[in-house]
Amino acid sequence: MPDNVSEYFGAHVAAFFHLYNAFTRWLVVPALVSIIFPFVRPHISHEKAHWFDSSFGGMMCLWSTFFLASLKHQMNAKLLKWGMGDTVSRVKNVRKNFKDELRGSCSENLRNLLHWTLVILFLSETVFFSRYIALWRRDLFDNPDGMTFGMQNTDAGKYFKYLVTANIKIVDAVWTPLCIYLTKHENHRTEMDLKSAMILKLFAVKSVLFYYPFIRSIFIQPHVEGCPGPGNHISGCLDALRADLQLFFITQVISVGAGLMVQLAMMYWTVRKELQRKKSDDGKLSYVEVQAMLADYGEEAEVSDYLQVVLNFGFLSMFGCVAPSMCILCFLSNLPMKRLLAYRFSFSQKRVVPIITHGLGSWNFILNGLAYFGVSLTAYIVVFAYDSFDANHFHTQLLLFLAIERGVAALKLVLDLFLGDKSLAQQRIEEVNEDDPRLFLC
């Protein structure tokens with residue numbers, strides 16, 4: 001499908017659908033394996049459940065490593081096929097709004113400083129709000145007979161997990177349009193520079209906003225506020241984290257799908273009103289008239305599409321060993337979401353003007369960073385939280401953590417060096433093109 005998309009919409013849209021397709025295909029095996037966990041977990045002990053989760057976490061570390069290696073090869077081959085090889089990718093179009101005289105000026109520096117100050121403020125909000133909710137939930141569990149907002153503390157504590165998801169959605173709804181507006185008014189020379197700056201600032205906040213509340217539950221909460229449940233055991237934090245992850249993931253899928261459906265419904269409403277207005281004429285709309293009524297596919301929509309895939313990949317890489325059921329939920333949601341996205345591109349927004357693309361660009365760096373961090377977090381959970389190796393001393397646990405974390409990182413490095421950036425078939429194609437450029441032009 002991405003080859004057909006490239007011919008009609010351009011390589012930059014085709015690159016997104018290639019990532020989406022590859023991510024969904026590689027999810028098949030983890031999704032099938034994760035089906036058994038909800039049925040097995042209630043009937044086995046915590047120790048056996050931890051072994052199952054640890055094994056699944058190890059599989060997800062290998063999965064992310066091989067997925068990214070395969071994606072790099074396939075993406076480079078696709079770019080060559082779409083006519084976006086190294087030579088073409090070096091072409092950079094200067095933006096119309098770029099003003100060379102403003103580069104390094106006081107006004108431009110102040111604008112950038114304001115933007116990064118807002119980044120720090122939004123990051124701080126997430127950190128302080130997460131701590132506030134954790135402290136409040138701990139007080140509720142420590143005083144189960146008390147009352148909060150007219151409810152028993154035991155019941156109120158169950159509803160407080162929704163506040164984490166609500167904070168994520170509210171801050172995300174505020175930060176995304178604000179960041180895009182500010183970035184577009186910065187003096188970036190090329191479209192790629194603009195997009196890279198937008199991605200960096202958006203993901204800097206979204207990564208903390210989406211991941212920090214869950215990372216805090218396993219890294220900080222057991223040592224500061226304590227875990228819910230009897231004995232302040234870390235299993236209480238793990239159970240709460242698993243419930244929060246599943247709730248958030250389901251909410252995220254529903255909200256994204258609902259957003260797409262609303263966009264399609266608004267498009268149909270706009271076209272319907274225009275048809276009613278034209279009843280006095282022939283009652284038909286031409287292709288050009290319909291295109292004029294549709295929304296543009298700008299940087300905001302493109303970054304939003306990529307973010308959904310990248311954030312899901314991050315959740316699976318980091319928390320797959322805690323909530324394996326996210327894999328099957330992500331796989332099942334990807335199938336209808338892909339069709340909705342394809343329908344949106346075809347019927348509810350203007351036809352995209354093809355532009356030169358560099359593949360995944362900054363997203364490739366982010367995906368690799370999430371994979372490395374996912375390995376470290378999985379190793380920490382397996383060794384320290386699950387204590388799967390029954391290590392009695394901290395030094396032994398630390399050595400095991402370093403061995404697992406560095407071992408998988410070394411495997412990824414060896415795999416990248418062994419496979420290289422391009423497949424053997426692509427190398428041969430490029431060699432033939434270099435020997436006889438006329439073949440490439442044909």
Side-chain angles (χ1 to χ4, degrees), residues 5 9 13 16-17 19-21 23-24 27 31 34 122 126 129 158-181 198-199 202-203 205-211 213-214 242-273 290 293-316 319 323 325-350 352 363:
V5 173
F9 292 109
V13 178
F16 165 73
F17 276 100
L19 170 64
Y20 205 102
N21 288 346
F23 179 56
T24 305
L27 266 179
S34 67
F122 275 85
T126 302
F129 184 84
K158 299 176 182 178
Y159 291 105
F160 266 60
K161 62 183 179 182
Y162 295 100
L163 294 179
V164 176
T165 300
N167 180 68
I168 292 174
K169 291 299 180 184
I170 293 172
V171 176
D172 182 39
V174 175
W175 172 247
T176 299
L178 177 61
C179 177
I180 291 173
Y181 174 81
M198 187 181 299
I199 291 171
L202 274 173
F203 193 78
V205 173
K206 284 178 179 284
S207 59
V208 176
L209 176 65
F210 280 77
Y211 298 139
F214 305 107
R242 185 176 297 112
D244 291 345
L245 283 169
Q246 292 171 347
L247 171 67
F248 171 77
F249 211 83
I250 294 174
T251 306
Q252 175 74 357
V253 170
I254 294 175
S255 62
V256 173
L260 280 174
M261 295 296 292
V262 169
Q263 184 177 351
L264 294 175
M266 291 177 63
M267 180 273 297
Y268 272 109
W269 177 257
T270 303
V271 173
R272 182 172 177 270
K273 288 198 301 183
V290 174
M293 290 187 291
L294 302 181
D296 292 311
Y297 182 69
E299 293 87 356
E300 179 179 358
E302 182 178 354
V303 171
S304 177
D305 289 341
Y306 271 101
L307 271 173
Q308 301 307 321
V309 181
V310 172
L311 289 173
N312 287 346
F313 173 81
F315 272 109
L316 299 183
F319 304 108
S325 57
M326 289 192 301
C327 292
I328 186 63
L329 291 174
C330 184
F331 176 75
L332 294 178
S333 65
N334 276 3
L335 301 179
M337 285 297 297
K338 174 187 169 183
R339 295 300 175 186
L340 284 174
L341 287 169
Y343 193 87
R344 189 197 70 186
F345 271 98
S346 302
F347 299 106
S348 71
Q349 64 187 22
K350 293 178 183 177
V352 181
W363 296 113

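- Without hydrogens or angle criteria, Tyr181 side chain to Thr176 main chain gives no donor-acceptor distance under 3.5 Å.
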| message | Please determine whether side-chain contact (heavy atoms from CB on, under 4.5 Å) holds for the pair Phe129 and Val171, giving the CA-CA distance in whole Å, both sets of side-chain angles, and the decisive distance to 0.1 Å. | response | CA-CA 11 Å; Phe129 184 84; Val171 176; over 6 Å; no
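- Every ring pair (Phe, Tyr, Trp, His ring centres under 6.0 Å) that Tyr343 has, sequence neighbours left out, goes to Phe347.
- Partners of Val352 by side chain to side chain contact (heavy atoms under 4.5 Å, CB included), not counting sequence neighbours, listed by chain and number: Phe9, His12, Val13, Tyr297, Phe345, Gln349.
- We find the OG-CG distance between Ser34 and Leu329 to be 8.0 Å, quoted to the nearest 0.5 Å.
- Side-chain atoms of Trp363 and Val309, non-hydrogen and from C-beta on, never get closer than 4.5 Å to each other.
- For Leu27, the side chain to side chain contact (heavy atoms under 4.5 Å, CB included) partners at least two apart in sequence or on another chain are Phe23, Trp63, Leu316, Cys330, Phe331, Asn334.
- For Leu294, the side chain to side chain contact (heavy atoms under 4.5 Å, CB included) partners at least two apart in sequence or on another chain are Met267, Val290, Gln291, Lys350.
- Taking CZ from Phe210 and CZ from Phe248, the interatomic distance works out to 4.5 Å, rounded to the nearest 0.5 Å.
- With rounding to the nearest 0.5 angstrom, the CD1 atom of Ile328 is 9.5 Å from the OG atom of Ser325.
- Not counting sequence neighbours, Ser333 has no partner by the side chain to side chain donor-acceptor pair (under 3.5 Å) test.
- Applying the 6.0 Å contact sphere to CE of Met266 captures no more than 12 heavy atoms from other residues, nucleotides or ligands.
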| message | Under the criterion side-chain contact (heavy atoms from CB on, under 4.5 Å), I'd like the reasoning laid out for Leu202 against Val303: C-alpha separation, chi angles, the key distance, then a yes or no. | response | CA-CA 9 Å; Leu202 274 173; Val303 171; 3.3 Å; yes
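- Ring pair Phe122/Trp175 is tilted by interplanar angle, where 30° to 60° counts as tilted.
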| Step by step, would you call Phe16 with Val5 a side-chain contact (heavy atoms from CB on, under 4.5 Å)? | CA-CA 10 Å; Phe16 165 73; Val5 173; over 6 Å; no
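- Partners of Arg242 according to the salt bridge (Lys or Arg N to Asp or Glu O under 4.0 Å) rule, which considers only residues two or more places apart in sequence or in another chain, are Asp53, Asp239.
- Counting only residues at least two apart or on different chains, the side-chain hydrogen bond (donor to acceptor under 3.5 Å, both in side chains) pairs with a member in residues 251-266 are Lys169-Gln252, Lys169-Ser255, Gln252-Gln308.
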| message | side-chain contact (heavy atoms from CB on, under 4.5 Å), that's the test. Do Thr24 and Lys338 meet it? Break it down for me. | response | CA-CA 10 Å; Thr24 305; Lys338 174 187 169 183; 5.9 Å; no
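- In this structure, the side chains of Thr126 and Val205 stay at 4.5 Å or more apart for every pair of heavy atoms.
- Shown here for Gly257 and Met337, the closest heavy-atom pair between the two residues is CA-SD, 3.8 Å.
- Among residues at least two apart or in separate chains, salt bridge (charged side-chain N to carboxylate O under 4.0 Å, His left out) pairs with a member in residues 302-312 are Lys195-Glu302, Asp305-Arg344.
- Residues satisfying the side chain to side chain contact (heavy atoms under 4.5 Å, CB included) criterion with Ile170, sequence neighbours excluded, are absent altogether.
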